[in-house]
Amino acid sequence: MGINEVILISIFVLAIGACIGSFLNVAALRAISKESIVFPASKCPLCGEHIKWYDNIPVFSYFFTIKGKCRNCGEKVSIQYPLVESLTALIFFAVFFSFGFTLKTLLILILLCISIVITITDFKKNEIFDVHNWLLIVMAIITGLYFKGLENNSEVAIGLITGAILMEAVARLSYYLVKKKSSNNSEDSAVKEEEEETQEQNSEEEDIDINDYIEKNKRAFGEGDTYLAAASGALLGWQGLILAIAIAIVLQALCILPQFIIALYKQKHYRLLISLSAFIVLSIIYWVLANIFTLHLFVVFAIVIPLIYFAIDTITELKKTVNNEGFKAIPFGPALLFSTFVIFFFGSYIIKFLIKFIFV
């Protein structure tokens, strides 16, 4: 294949990916607004003016025709549109040139497209819709069977069941950490019951309140993450699932921790801040020393004992803080989906890295 053919195919694949990305934006946002993905035509959310075709060209129109604003009313258009379109185009490019015109490419791209839609709805509304969950699970099962072979169907089934049970157990047990303190005042309880009844009546029109959801369902996070873990297990197997969840937790912690520490300082939760910081510092010190030296037993105890103390104190103080100030939902789904595909594509390299540099 000559250089000209490669360039033409690359442009074609990128263009198709950008167009699919535009559709994924529509699918996600109209799932949230409960509108059809077909009708009505694209319109400005503020003034309702229909968008002309030349103002609806993926990526190009945002920067060169409408320049990020509605042509009719001047309302700013979310940067989400070109970002998702560009990301999808790059994903199509990378997958196509990795697997070519094959069934593998089709299966992987379908999985990734569903995952993008789920990521958008989870970030924007903390909600994963059932139709997207089931599409992801079905495609994960099909893809898992295709890559692993039909003779290894038990591995797909075990991974699916493990993901569902593990995430559901975590959701139920973690509820006792994130739940708010219950009121002992009977009048407050009565008022709360009346509010819950009103919210149930208006549930179809209002956004989901995560704190109300937690108290009503006795779980730390939504059922959507259970479905995602099941899909991840079907695709990766139970071993890959465990690694994907671990990586997702680390990724989310790295994103959340700086903001969380700043919030603790501003709210004067000094004891929790000290215990958490001490736990992190001691963990890093132990990992560094253990990878450089052969530690004597008394050195291990000298580090591990205070490490355990600060870990327990952090959990205790964290529980008090969360209970007193409520729970702010942070979607775990996007991190799990990202780590699932990282393991799917680069799992063997990651395992080698962990064995060589992390595990002592």
Side-chain angles (χ1 to χ4, degrees), residues 20 24 27 88 91-92 94-96 98-122 127-174 219 221-252 331-355:
I20 296 296
L24 299 180
T88 309
I91 287 173
F92 268 61
V95 173
F96 173 77
S98 296
F99 300 100
F101 282 110
T102 62
L103 182 57
K104 287 182 179 180
T105 297
L106 179 62
L107 293 174
I108 292 171
L109 287 178
I110 292 174
L111 269 177
L112 285 166
C113 286
I114 300 170
S115 299
I116 290 172
V117 173
I118 290 174
T119 298
I120 295 172
T121 62
D122 206 6
E127 185 173 2
I128 304 174
F129 294 90
D130 288 344
V131 62
H132 302 150
N133 276 325
W134 287 112
L135 281 173
L136 185 72
I137 288 175
V138 170
M139 288 308 305
I141 292 172
I142 294 172
T143 307
L145 290 173
Y146 181 79
F147 276 84
K148 298 178 187 301
L150 292 174
E151 66 277 6
N152 295 317
N153 58 77
S154 60
E155 184 177 350
V156 174
I158 292 171
L160 178 78
I161 295 170
T162 301
I165 293 176
L166 178 62
M167 194 60 70
E168 191 66 14
V170 171
R172 298 291 181 182
L173 294 174
S174 299
R219 53 187 301 127
F221 46 82
E223 296 176 358
D225 291 332
T226 298
Y227 289 104
L228 295 188
S232 178
L235 184 64
L236 303 176
W238 71 268
Q239 300 98 326
L241 166 69
I242 301 300
L243 185 55
I245 291 175
I247 292 176
I249 292 171
V250 172
L251 287 175
Q252 194 172 42
F332 181 69
L336 179 57
L337 288 171
F338 178 80
S339 62
T340 294
F341 286 106
V342 167
I343 297 301
F344 182 74
F345 290 115
F346 309 108
S348 59
Y349 301 103
I350 291 173
I351 291 172
K352 290 178 182 178
F353 173 83
L354 291 175
I355 293 174

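- The nearest pair of heavy atoms linking Leu236 to Leu241 is CB-N, 4.0 Å.
- Contact of the Thr105 side chain with the Leu109 side chain is registered, since non-hydrogen atoms from C-beta on lie closer than 4.5 Å.
- When all heavy atoms of Ala94 and Ser98 are compared, the pair lying nearest together is O-OG, 2.7 Å.
- Side chain of Thr143 to backbone of Ala140: no donor-acceptor contact under 3.5 angstrom is found.
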| message | Walk me through whether Lys104 and Val95 qualify under side-chain contact (heavy atoms from CB on, under 4.5 Å). | response | CA-CA 9 Å; Lys104 287 182 179 180; Val95 173; over 6 Å; no

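- For Phe346, the CZ atom counts as loosely surrounded, since its 6.0 Å shell holds 12 or fewer non-hydrogen atoms of other residues, nucleotides or ligands.
- Judged as a side chain to side chain donor-acceptor pair (under 3.5 Å), and not counting sequence neighbours, the contacts of Glu168 are Arg172, Arg219, Thr226.
- For the residue pair Ala234 and Lys148, the shortest heavy atom distance occurs at O-CE, 4.2 Å.
- Contact check for Val170 versus Asp225: no side-chain heavy atoms found under the 4.5 Å cut-off.
- Separating the OG1 atom in Thr102 from the CZ atom in Phe96 is a distance of 9.0 Å, to the nearest 0.5 Å.
- In summary, of the residues considered (Val156, Leu107, Leu111), a side-chain contact (heavy atoms from CB on, under 4.5 Å) with Ile142 occurs for Leu107 alone.
- Under the 3.5 Å distance criterion, the side-chain polar atoms of Ser115 are left unmatched by any main-chain donor or acceptor of Leu337.
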| query | Given the rule in the side-chain contact (heavy atoms from CB on, under 4.5 Å) test, do Phe332 and Met167 qualify, once you have shown the distances and angles that lead to the verdict? | reply | CA-CA 11 Å; Phe332 181 69; Met167 194 60 70; 3.9 Å; yes

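- Counting heavy atoms from C-beta outward, Tyr227 and Ile128 have side chains that stay 4.5 Å or more apart.
- Note: Leu24 CG to Ile114 CD1 = 9.5 Å, rounded to the nearest 0.5 Å.
- With contacts defined as side-chain heavy-atom distances shorter than 4.5 Å, the pair Asp130/Glu223 does not qualify.
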| Residues Ile137, Leu160; criterion side-chain contact (heavy atoms from CB on, under 4.5 Å); working and verdict | CA-CA 9 Å; Ile137 288 175; Leu160 178 78; 4.1 Å; yes

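- To the nearest 0.5 Å, the span separating OG1 on Thr121 from CD on Glu127 amounts to 7.5 Å.
- A donor-acceptor pair is defined here as one N or O able to donate and one able to accept, closer than 3.5 Å; no such pair exists between the side chain of Asp122 and the backbone of Thr119.
- Using a 4.5 Å cut-off on side-chain heavy atoms (C-beta onward), Phe92 and Leu112 make no contact.
- The shortest distance between side-chain heavy atoms of Ile91 and Ile116 falls below 4.5 Å.
- Using modelled atom types, one side-chain atom of Gln252 and one backbone atom of Pro331 make a donor-acceptor pair closer than 3.5 Å.
- Ring orientation note: the planes of Phe345 and Phe99 are tilted relative to one another, at an angle of 30° to 60°.
- Between the side chain of Ser232 and the backbone N or O of Leu228, no donor-acceptor pair lies under 3.5 Å.
- The OG atom of Ser339 lies 8.0 Å from the CD1 atom of Ile245; values are rounded to the nearest 0.5 Å.
- Applying the 6.0 Å contact sphere to CZ of Phe338 captures no more than 12 heavy atoms from other residues, nucleotides or ligands.
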| request: Could you please spell out the steps behind the side-chain contact (heavy atoms from CB on, under 4.5 Å) verdict for Phe147 and Asn152? | output: CA-CA 10 Å; Phe147 276 84; Asn152 295 317; over 6 Å; no

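- Here the closest heavy-atom approach between residue Ile343 and residue Ile247 is recorded as CD1-CD1, 3.5 Å.
- The two atoms that bring Gly144 and Leu235 nearest to each other are N-CD1, 4.2 Å, heavy atoms only.
- His132 places a side-chain heavy atom less than 4.5 Å from the side chain of Val117.
- Between atom SG of residue Cys113 and atom CD1 of residue Ile118 there is a gap of 11.5 Å, rounded to the nearest 0.5 Å.
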